[in-house]
Amino acid sequence: MKIEDIVGKTDFDLFPPETATEVRAHDDMVLAVNKTVDLVETFRQEDGIHQWLVIKFPFKDETGKKMLAGMSIDMTARKRIEEALRKSEEKYHNIINTTPEGFFEVDHNLRIIEVNDALCLMLNKTQAELVGQQLYDAQTAPLLIAGEEGSNDLVNSLVGVFKTGNSIASNVTFKRHDGRQLHSRINISAIKDTDGVITGAFALLADISELVEMKDSLSLHARELKRSNEELQEFASVASHDLQEPLRKIIAFGDRLKDKHAANLPGDGLDYLSRMQGAAARMQALIDGLLNFARVTTRAKPLSPTDLNEIVQDVLSDLEARLIKSGGSVESGPLPTIDADKMQMQQLFMNLIGNGLKFHRVDVPPVVSVRAIVGHDGFYEITVADNGIGFDEKYLDRLFKPFQRLVSKEKYEGTGMGLAICEKIVKRHGGSIIAHSVPNVGSTFSIRLPYPSSQQRQLKGEVVLQR
């Protein structure tokens, strides 16, 4: 409006009735109290609602007539800024209170000025117990750090942020109000004003207590495993010396007794002697089986590139006499090269192929087939199949346990340790072994072994089996 548009006009000429009525009421009130009054009056303008700070005061003209004067300041821009700040602060508080991470803010004196609900829940404290306290005061610090070293770490990290302005991340362990510990990963960042001056800092805490407890549990299991392996090593040492020595003497003196005094022994005496020697021999075989089982762990060698084709050929060379005696045959397809303990791979295939030749049907020459399939999940699947006596799959749960035999020891020699050793070797190489069988048809053992490390990085490429 221009001045000429206002002079000589009343409130009702200038404003809508409801606004004019409000302004006239204010005027009457100032005249009535006869003193200066500050008021906020609202007017609708083209760009929206405006708020004005109005200062009105009464006076008298030359004739003594009461008059009213005033001045107005448009506060709309300021009010809009204040409202924007209010909404921004409300949004900020909503964000920090909906995040699952703990949050606290400190001023340059390391005094806590704000926390969120998640931090209160983590520490089992109220906002009143946290806000206003100083972190470096050991007597009143609300964030109780587990151990003096941890406390120094937190304060030093905050001081470092104030000095450099750079964010810092570290692990800090807090002590909850109920005495339990809270292991956290804490990220601290600086708060700067519009001129870039650091005025405070804020921290976000992620609860990693479960991860720390899992790590501690794994460390405990590792120590237990080391202790168990040491005990197993000690047992292997005892078994290879102390237990075997009496057996050697029983066998040796039994042989001498039979050689020198067989003619003086009655028939039942010779039978007893033979049974004693057989029992001693079986005991020695059992101890050897236990030793081999233990040595999978105690005498393990580092894994290195191992060509399974060469392993199988070495095994077939060792089994040549059995192949000739049984009239059997072994068919071997292309096999992969893997990271393995060569001696243990030889033991694995010796047991599986040897079983295929040993447990054959009467008058049916054994045939053993060794094949490999390239998987697309980082594993080879190697099968060892035979046409032997097979077994009932209801006994699968016993198959890989030590000293478990599914056939009579009178018909087939053995200690029941071979497949237990096979499973332990396969597991040590990060694989698995399962079996399928049909009585009087044959058995198939499927072994999954991982690609060598060089091919693990190229899983999407084609893997070729070579001989």
Side-chain angles (χ1 to χ4, degrees), residues 91-193 196-229 430 453 456:
K91 182 178 180 180
Y92 164 75
H93 281 94
N94 286 337
I95 291 173
I96 67 170
N97 277 314
T98 54
T99 178
E101 295 184 316
F103 169 91
F104 69 86
E105 181 182 339
V106 296
D107 60 18
H108 63 280
N109 291 319
L110 300 188
R111 187 185 302 277
I112 297 176
I113 59 176
E114 188 164 4
V115 297
N116 71 346
D117 296 339
L119 183 68
C120 295
L121 185 62
M122 286 179 180
L123 298 176
N124 196 23
K125 286 180 175 288
T126 64
Q127 290 202 11
E129 292 175 305
L130 295 173
V131 175
Q133 303 297 325
Q134 288 180 310
L135 291 179
Y136 60 78
D137 189 337
Q139 299 299 320
T140 63
L143 302 182
L144 299 175
I145 314 300
E148 295 181 0
E149 184 177 348
S151 178
N152 290 337
D153 284 346
L154 178 61
V155 172
N156 290 341
S157 296
L158 285 164
V159 171
V161 169
F162 276 102
K163 284 183 177 180
T164 66
N166 298 325
S167 298
I168 292 177
S170 61
N171 292 341
V172 178
T173 300
F174 297 94
K175 194 180 296 180
R176 287 166 50 96
H177 190 66
D178 55 10
R180 291 188 294 133
Q181 289 188 339
L182 169 71
H183 302 283
S184 73
R185 180 68 176 171
I186 185 169
N187 291 275
I188 305 172
S189 300
I191 298 174
K192 300 177 182 179
D193 62 16
V197 177
I198 298 174
T199 59
F202 71 90
L204 290 171
L205 288 81
D207 186 349
I208 60 170
S209 299
E210 188 173 343
L211 291 176
V212 172
E213 289 168 4
M214 287 175 60
K215 181 180 177 182
D216 292 342
S217 178
L218 287 173
S219 297
L220 177 62
H221 285 307
R223 290 194 297 271
E224 287 294 319
L225 183 60
K226 182 180 179 182
R227 181 188 60 78
S228 177
N229 285 339
S453 55
Q456 288 284 359

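Heavy-atom basis, side chains included; hydrogens, waters and symmetry copies ignored. Note that the numbering runs from 1 along the sequence shown for the chain.
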Nearest-0.5 Å distance, [atom1] of residue [X] to [atom2] of residue [Y]:
{"X": "L205", "Y": "L119", "atom1": "CG", "atom2": "CG", "value": "6.0 Å"}
{"X": "I168", "Y": "N156", "atom1": "CD1", "atom2": "CG", "value": "9.0 Å"}
{"X": "I112", "Y": "E129", "atom1": "CD1", "atom2": "CD", "value": "11.5 Å"}
{"X": "L123", "Y": "F104", "atom1": "CG", "atom2": "CZ", "value": "9.5 Å"}
{"X": "R223", "Y": "H221", "atom1": "CZ", "atom2": "NE2", "value": "10.5 Å"}
{"X": "F103", "Y": "D117", "atom1": "CZ", "atom2": "CG", "value": "12.0 Å"}

So, the side chain of [X] versus the backbone of [Y]: is there a donor-acceptor pair under 3.5 Å, distance only?
{"X": "S184", "Y": "V172", "result": "yes"}
{"X": "D107", "Y": "N109", "result": "yes"}
{"X": "S219", "Y": "K215", "result": "yes"}
{"X": "N116", "Y": "E101", "result": "yes"}

Do T126 and C120 have side-chain heavy atoms sitting under 4.5 Å apart?
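T126 does not reach C120 side chain to side chain.
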
Which residues pass the side chain to side chain contact (heavy atoms under 4.5 Å, CB included) test with [X], sequence neighbours left out?
{"X": "I198", "answer": "F162, A190, K192"}
{"X": "L121", "answer": "none"}
{"X": "T199", "answer": "I191, D193"}
{"X": "N171", "answer": "R185, I208"}

Over all atoms of both residues, closest heavy-atom pair of P100 and A118
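Here P100 and A118 meet closest at O-CB, 3.7 Å.
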
Compare every heavy atom of G102 with every heavy atom of M122, then report the nearest pair and how far apart it is.
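Answer, listing the atom of M122 first, then G102: CE-N, 3.4 Å.
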
What residues, two or more places apart in sequence or in another chain, satisfy salt bridge (charged side-chain N to carboxylate O under 4.0 Å, His left out) together with E224?
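Testing E224 for salt bridge (charged side-chain N to carboxylate O under 4.0 Å, His left out), a comparison that skips the adjacent residues, returns R227.
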
For S167, give me all partners under side-chain hydrogen bond (donor to acceptor under 3.5 Å, both in side chains), at least two apart in sequence or on another chain.
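Expected list: S189.
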
V115, I113, V131 screened by side chain to side chain contact (heavy atoms under 4.5 Å, CB included) with E105, the one that passes
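With E105 as partner, side chain to side chain contact (heavy atoms under 4.5 Å, CB included) holds for just one option, I113.
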
